[in-house]
Number of protein chains: 2
Amino acid sequence: MGETGGPATIKAFEERLLEVSEDLPKRLRQCADYVAANKDRIAVSTVAEMAEGAGVQPSAFMRFCQILGFSGFSEMQRLFRDSYVGGWPDYSTRLHHLREKAEGSPSALLAEFVEAGRASLENLLKTIEPQTIEQAVQALAGAHMIHIIGLRRSFPVASYMAYAFEKMDVPAMLHSAVGRLDNRNAIRSGDVLLAITFSPYSSETIELVESVRERGIPVVALTDTIVSPLRKFDAIALSVSEVDFGAFRSLSATLCLAIALSVAVGTRRSV
Amino acid sequence: MGETGGPATIKAFEERLLEVSEDLPKRLRQCADYVAANKDRIAVSTVAEMAEGAGVQPSAFMRFCQILGFSGFSEMQRLFRDSYVGGWPDYSTRLHHLREKAEGSPSALLAEFVEAGRASLENLLKTIEPQTIEQAVQALAGAHMIHIIGLRRSFPVASYMAYAFEKMDVPAMLHSAVGRLDNRNAIRSGDVLLAITFSPYSSETIELVESVRERGIPVVALTDTIVSPLRKFDAIALSVSEVDFGAFRSLSATLCLAIALSVAVGTRRSV
DNA sequence: TCAATAATGGACTATAAATTCCATTTTTTT
DNA sequence: AAAAAAATGGAATTTATAGTCCATTATTGA
């Protein structure tokens, strides 16, 4: 076996469900009704749980899955699980292979990065919490001056935000560490620090955040994951996880968030 | 059994993860990082899948679960399954919701930029010509030194590529115009100039391209559309049109192209 | 009402996944 | 540099779950 005539997309699944549920014996109809009302549970439940929810025996639920065209419950479940996690299974390994083969054409490489970028964007919407952005915007919009720090890999993001703020007449200062100049004393009470750092976290950024937090100045952080070292300092942390390729990441999601944040701050201020 | 000292809520889980991830051996840290970046997967994956994603053995992942305080993976998974009300119903409807319902809020803005980014990425694949990238890669890979210039809005892209090249041991120099220093004499025969500019085109970049082309040095350009002034100077021009929202563009597509180009050059060189 | 057919429930089996254990490797300490 | 401790990988084991089968019960039509 291995082949299946079962629905391949959620949409197809819904159609098939509708089409089938016309004339169904009692128990199977219970299954159909329950599934229709609880599609999202399929991904995280066992047959036994689904059956119980529908008020039928597991075997009845199995028959129901088969009627829909799947080989069994597992196959149906896979459809829902896959569609939940979106498509970015192992880009890191996929891209890793590409690099090792070295003979990926540039345009194939581009296609990979585009795909990774798209997945990152989707993921961004799933993970960002509206109230956290709201907090960040509020803090930044109320700041006397916004100090931006982001080095190495994060520097593009930092410089972009500096550019955007400048264009919107929001007072902002980019701490670029040019010439190893340390401008930490430019950060005064009433200001806010916007720190951007991704693994591997640069120590300069962490130190700055630490010293600034000690003085009670608010910090908004753009970082990856919840295990970022910035979390320790009780900053308003927005985390973006981006597919990466060794030391590289396409920054698509990060920049999207960055610009949305900038524009939100810019408009909030000018009101 | 039935007893558990494990975190009972997602919030507690995150705290515990943070607290624990300070000092963790290599493999277990990989687990922590992967989990932090893919919390949503826990509910719908098996240990084997999670372990593979984190790049470790299943047994290592099990140990990680136990360190977090759970009896095993299943218990940890139960936490996520129970709290799974859904990142549903999937991307497009979610996006729709954010845009409509949260009008004017930062997250609505984010949704707009995400959408713009996605559209740009899609468009990028359609418009870029494989043989042009190929040419660009060839030129850059053969260069003695790559000089990068990109100012204002393009500066993030330029700095990102400089970072990427550095990481891949490709000799590159970023012309940042700090202190208005002009390093045009650093550009020698055998080198290649990588110029990045978007409307409104900065005169410094155009001038540099002009002077460099007069000396017969090849130029690779990242620019928008075909009417870019860089076209005049017979450079290898890759054009990206970014969908913009308001006066700002998210640079998603541009950075995707930039990183693909960088990586292609890096791998081509090292062969 | 009785026979034929379909549907159902529950026990049984096969399969896949979680978990444990231990030999091997790596790191740390003396 | 050697010994001790910690971490790791992979095979072996256990447990949970999916999937099957068949005896029993309900339904339908003559």
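Letters go in sequence order (proteins before strands), and every chain restarts at 1.
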Between C1' of dG19(D) and CE of Met76(A), the distance in whole Å
14 Å
Residue closer to the 5' end of DNA chain D, Leu24(B) versus Glu49(A) (nearest nucleotide)
Leu24(B)
dG9(D) base / Arg63(B) side chain donor-acceptor hit below 3.5 Å:
yes
Using atom CD of Glu52(B) as one end and atom C1' of dG9(D) as the other, report the distance to the nearest whole Å.
15 Å
Of the listed dA18(D), dT8(C), dT19(C), the closest approach to the Phe73(B) side chain comes from dT19(C)
Report yes or no: do Ser241(A) and Asn123(A) form a side-chain donor-acceptor pair below 3.5 Å?
yes
side-chain N/O Gln66(B) vs dT20(C) OP1/OP2, d < 4.0 Å
yes
CG of Leu28(B) versus C1' of dT27(C): gap in Å, rounded?
14 Å
For Gly72(B) and Lys26(B), take the nucleotide of DNA chain C holding the closest heavy atom to each; which residue's nucleotide lies nearer the 5' end?
Gly72(B)
Could you tell me how the ring of Phe61(B) sits relative to the ring of Phe64(B): parallel (under 30°), tilted (30 to 60°) or perpendicular (over 60°)?
tilted
Look at all strands and tell whether Ser59(A) reaches a base, only sugar-phosphate, or nothing, counting heavy atoms closer than 4.0 Å.
base
Using only side-chain N and O atoms of Gln57(B), determine if any of them is under 4.0 Å from OP1 or OP2 of dT8(D).
no
Taking only the side-chain heavy atoms of Arg27(B) (C-beta and beyond), determine which of dG9(D), dA18(D), dT8(C) contains the nearest atom.
dG9(D)
Is it the case that the ring center of Phe80(B) lies less than 6.0 angstrom away from the ring center of Phe13(B)?
yes
Ranking dT20(C), dA7(C), dA18(D) by distance to the side chain of Met62(A), first place goes to dA18(D)
Whole angstrom value for the distance that separates P of dG10(C) from CZ of Phe61(A):
18 Å
Using whole Å, what does the distance between atom C1' of nucleotide dA16(C) and atom CZ of Arg81(A) come to?
12 Å
Tell me whether Glu14(B) is salt-bridged to Arg231(A), with the criterion being a basic N under 4.0 Å from an acidic carboxylate O.
no
Over how many whole Å does the gap from Ile67(B) atom CD1 to dA6(D) atom C1' extend?
11 Å
Between CE of Met50(B) and P of dA17(C) the distance, given in whole Å, is 15 Å
Rounded to whole Å, CZ of Phe64(A) lies from C1' of dA18(D) at a distance of 17 Å
Looking at the side chain of Ser74(B), which of dA7(D), dG19(D), dA18(C) is the nearest nucleotide?
dA18(C)
Are Glu49(B) and Arg41(B) ion-paired here, with the side-chain N under 4.0 Å from a carboxylate O?
no
